[in-house]
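Worth saying up front: this structure is predicted, and the values here are computed from it rather than measured.
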Amino acid sequence: MLLLAIAASLVAAHAATTSNSPNMRIAYSLSDTTRDTHSDLAFWGNIAVAGNYDGFRVFDTSTHQLLVSYLCRGPQNDVSLWGHDGHLYLFLSNDRPQFNGDTVCSPDHTSDRGSTEPICSPDPVHTCFEGIRIFNMDNPAQPQLIKAVYTDCGSHTHTLIPDLANNRVLLYISSYPSGTGPRCQPPFEKISIVGVPLDNIQGASVISQPHIDAPPYAWGTGCHDITVFLPIHRAAASCQTQGQLWDITDPANPDTTHPLKRFSDGTVNFWHSGEFTWDGQYVTFDDEGTGTCTQGGNGKIRTYRVSDGQLMSIYMIPRSQGGSYCSVHNGMFIPVTGRYLLVAAWYGGGTSVVDLTNPASPVEVAYYDATGSPAASDAWSSYWYNDEIYTNDIVRGQDVFDLQTPTEPFGLTFDHLNAQTQETLLPMTFTRRPALAPLLARRGALTGR
């Protein structure tokens, strides 16, 4: 009852300072306006990790309790989680060189090596670390840095791929030569793959650096983000100037040089990220734009049919943000049957739910756009996890939303979520597997709105 009262008071407190649709409301917030740039999210059971440029925060999704705000400088601290044999591990991306960053988690901005710093020789890995940090999270309130793996140009983002047949996880490291690292020179043209043996975390290392074939951006060629859909052996690679579909049948050797599909559009500012529908039929690519979410500007979502690459639609939310920066950023499709519902962060546009059930005719069905205390919306990542929408907001911290629907709860229940790793194939209908219908009808079907 106390939690319900707290949630009710939070709703009341925000009601006068928000613009939102009637079928989306805030459940609770873990506000933090002191950290530098809250970024991405990952979930394991009831544990959620929210990255920020100063480190990460850990909270319990069942009790709404903040467990720790852990300082570990290293933008942009993209996060993923994986559990094995009773242990939980956090993987953290760092794409700006740090003094002694492979062994020390500094809370201080002066630990960053800037463009005016001297060359990081003779020991670039230790004195100018950038790449992947690995933490033991057995006690989520007391993270322990246990391993760091240097990667060329650091790790702007990473995508976790379970390779359990080989008792390991793989990390696809996305980076590009816009920074100051010692091994970060144009044209770059690669990703790094880190292999992490689950029974020997200390053995984590770069196992390959597949070549990327895409037109150069201003500072060279690389990928910003990669979403994998394991049941269909496909990856949606957002490579700055181009969206691509890769064959990842052999996940340790993705075919990055012969994309199955290439998506190009001169009106896209930056191919930033992508999401598959849960039946694998469509893929949405997100353009990180430069405007304010006007219909004539950039920063839109584009939906393509996976089978033949056909463009289905280009969509912008119908809420221009005036002078505030607004563009689509990170999101995912809600795992329901019978509908394609994309939840995504739109910076100044807040968090939006777009119905793409008819991929040629998208429509926004819910949104939450804070305009007041503790700050206006500046949403970086918005994901669905087990009946709630979680947003990591650059300035506000973590907001959690209820989506009001005719069937509550709805959506497939997961025991973990790394949003760029889609592990479950969810048919749009049940014609081929009728035995699943009762289960997914209870937890997945959404009808009405």
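- Between Phe129 and Phe99, a ring centre-to-centre spacing not shorter than 6.0 Å is recorded.
- Within the 3.5 Å criterion, the main-chain N or O of Asp32 finds a donor-acceptor partner in the side chain of His38.
- If you take CG on Leu198 and CD1 on Ile201, they are separated by 5.5 Å, rounding to the nearest 0.5 Å.
- Taking the six-membered ring for Trp and the full ring otherwise, Tyr70 and Phe56 have centroids separated by under 6.0 Å.
- Checked by atom type and distance alone, the side chain of Asp40 never pairs as donor or acceptor with a backbone atom of Ala42 at under 3.5 Å.
- Under a cutoff of 6.0 Å and an axis angle of 45°, Arg25 and Tyr368 do not form a cation-pi pair.
- Aromatic rings from Phe414 and Trp278 are positioned such that their centres are separated by under 6.0 Å.
- Ring centers of Phe285 and Phe263: under 6.0 Å apart, within the cut-off.
- Tyr89 and Phe135 have their aromatic ring centers separated by at least 6.0 angstrom.
- Residues satisfying the side chain to side chain contact (heavy atoms under 4.5 Å, CB included) test with Asn298, not counting sequence neighbours, are Asn269, Asp287, Thr290.
- In this structure, Arg319 pairs ionically with Asp369, as a charged nitrogen and a carboxylate oxygen lie closer than 4.0 Å.
- The minimum heavy-atom distance between Tyr385 and Gly45, with the atom names listed, is OH-O, 2.8 Å.
- Under the 3.5 Å distance criterion, the side-chain polar atoms of Thr292 are left unmatched by any main-chain donor or acceptor of Gly323.
- A donor-acceptor contact shorter than 3.5 Å is absent between the side chain of Ser111 and the backbone of Gly101.
- Judged purely by atom type and a 3.5 angstrom limit, Asp112 has no side-chain atom pairing as donor or acceptor with the backbone of Gln98.
- In this pair, His329 and Tyr347 present their aromatic rings tilted. The plane angle is within the 30 to 60° band.
- Ring planes of His272 and His224: tilted class, angle from 30 to 60°.
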For residues 139-147, which side-chain donor-acceptor pairs fall under 3.5 Å, sequence neighbours excluded?
| residue | atom | partner | partner atom | Å |
| --- | --- | --- | --- | --- |
| Asn139 | OD1 | Ala141 | N | 3.1 |
| Gln144 | NE2 | Gln142 | O | 3.3 |
| Lys147 | NZ | Gln202 | O | 3.2 |

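- The nearest pair of heavy atoms linking Ile191 to Ile173 is CB-O, 3.3 Å.
- Side-chain contact check for Tyr340 and Asp279: at least one donor-acceptor pair (N or O, by modelled atom type) lies under 3.5 Å.
- The shortest non-hydrogen separation linking Pro374 to Thr33 is CB-CG2, 4.0 Å.
- At a cut-off of 3.5 Å, with distance as the only test, a side-chain donor of His84 or Asp199 sits close to an acceptor on the other residue.
- Close placement of the His64 and Tyr28 rings is indicated, their centers lying within 6.0 Å of each other.
- Shortest non-hydrogen contact noted between Gly51 and Asn392 is O-ND2, 3.1 Å.
- The residues Arg73 and Asp108 are annotated as not salt-bridged, no charged nitrogen and carboxylate oxygen being separated by less than 4.0 angstrom.
- Side-chain atoms of Gln295 come within 3.5 Å of backbone N or O of Ile317 as a donor-acceptor pair.
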Determine, step by step, whether Met316 and Cys293 satisfy the side chain to side chain contact (heavy atoms under 4.5 Å, CB included) criterion, reporting the C-alpha distance in whole Å, the side-chain angles of both residues, the deciding distance to 0.1 Å, and the verdict.
-> CA-CA 7 Å; Met316 172 63 75; Cys293 285; 3.6 Å; yes

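- Within the model, atoms CG of Leu403 and CG of Asp387 stand 10.5 Å from one another, a figure rounded to the nearest 0.5 Å.
- Between Gln422 and Ala419, the closest heavy-atom pair is CG-O, 4.3 Å.
- Between Phe270 and Tyr176, the ring planes lie perpendicular to each other; the angle is over 60°, past the 30° to 60° tilted range.
- Without hydrogens or angle criteria, Arg183 side chain to Asp152 main chain gives no donor-acceptor distance under 3.5 Å.
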